[in-house]
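Only one structure is covered here, and it is reproduced in the block below.
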Amino acid sequence: LPESFDWREKGAVTYVKMQGTCGSCWAFSTTGAIEGANFIRTGKLLSLSEQQLVDCDNMCDVKEKDSCDSGCEGGLMTNAYNYLMRAGGLEEEKAYPYTSKKGECKFKEDKVAVKVANFTTIPLDENQIAANLVHNGPLAVGLNAVFMQTYIGGVSCPLICSKRAVNHGVLLVGYGSKGFSILRLGYRPYWIIKNSWGEKWGENGYYHLCRGHGMCGMNTMVSAVATATS
Amino acid sequence: DDLKIHQVTDHGGNLKLPLGTEQQFKSFIQKYGKEYSTREEYVHRLGVFGKNLVRAAEHQVLDPTAVHGVTSFSDLTEEEFEGMFTGLKSGGGVASNEVSETAPYLDVKE
């Protein structure tokens, strides 16, 4: 594994998006992973539609039957992959633009830009997460966002952050090796995480989170996706 | 005890905030283009903002390598913030996955 790695430098990551006052982080995390996987397969970076997921996806989790995708009320990335495999694929952002509220489903199969072939969840081990990131592209991740409400910049490495209260879907796009941590005595590795709260939030829309501690539960809900020819 | 003097303001009017909080709140409103429709709403959000200043300071202590402070979410309670800007449901983790196999272990030596 390289010491540091960043999919943004390779052109696999779209601009930082803005979910607005809508609990649709799961949709942005899903589209981010698919945008990256599609770039790796085709060499083309397409911005894909979150609104299609917000409007049309009502898929439920296999085990937790009440964990269903529900527009601005929340959802799960793994549910969304299942929905996309059944629906036939995802439209482009420009074909089905984001409105930050749930509306009538306007999905048209003839407008599908990217199809989902398969997806997988990634083991808890953060070295495995790094290896899968490098091999498969940006990964959809869930984490506890409690420190993100007041985050302005730097490497977030909180002494206490519950691993259980995972409530926010984001996109893992890379990792760095030299984020300075006073309390952890020296330079520590960190994850580079794309958020969906606009460019003005955090590090130009990104969150830098300590690597190697399962920080804020970031290792508990990680998934990779593979795309197919549309 | 003076019967001629009656309380005419609610508890919001007695909000006790550290010196300079309202000035910071006004800067926050200007920076992020916030608008509050009523005086009551303004006072309520000022109180939330004050609490979030304390919370940001706590986060700074707990998370010293990051910078914590006033963000566009500083007028929201933790519950409001979570309801409006997060949205990940439970499930979907490694343990609950039955739809696809968990990725095989990759060699990460050296």
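Just so it is clear: chains get the letters A, B, ... in the order the sequence lines come, proteins before strands, and each one is counted from 1.
Each of A:S196, A:S223, A:G153 has some count of heavy-atom pairs under 4.5 Å with chain B, and the biggest count is that of A:G153. Counting heavy-atom pairs closer than 4.5 Å to chain B, the top residue among A:T21, A:V134, A:N167 is A:N167. Taking chain B as the reference chain and counting heavy-atom pairs below 4.5 Å, the highest number among A:W201, A:F147, A:W26 is found for A:F147. In terms of heavy-atom pairs under 4.5 Å with chain B, the best-connected choice from A:C22, A:G202, A:G75, A:A145 is A:G75. When A:C68, A:S70, A:G198 are compared by the number of non-hydrogen pairs under 4.5 Å with chain B, A:C68 comes out ahead.
Classified by interplanar angle (parallel below 30°, tilted 30° to 60°, perpendicular above 60°), the ring pair B:F49/B:F28 is tilted. Between A:Y151 and B:H68, the angle of the ring planes goes over 60°, which puts this pair in the perpendicular group of the 30/60° scheme.
At a 4.5 Å heavy-atom cutoff, the contact between B:E78 and chain A is made by backbone and side-chain atoms alike. For chain B, the nearby part of A:H135 is the side chain; its heavy atoms alone come within less than 4.5 Å. Interface remark: A:V146 contributes backbone and side-chain atoms alike to the contact with chain B (heavy atom separation under 4.5 Å). Heavy-atom distances place both the backbone and the side chain of A:S156 under 4.5 Å from chain B.
By the 4.0 Å N-to-carboxylate-O rule, A:E64 lies too far from B:K89 to be salt-bridged with it.
The residue from B:Y36, B:Y32, B:Y42 that alone fulfils the side chain to side chain donor-acceptor pair (under 3.5 Å) condition with B:D75 is B:Y36.
A 4.5 Å side-chain heavy-atom check between A:P158 and A:M215 finds at least one atom pair inside the cut-off. Using a 4.5 Å heavy-atom cutoff, the side chains of A:T227 and A:K115 are not in contact.
Judged by distance alone, the side chains of A:S24 and A:Q19 never bring a donor and an acceptor atom under 3.5 Å apart.
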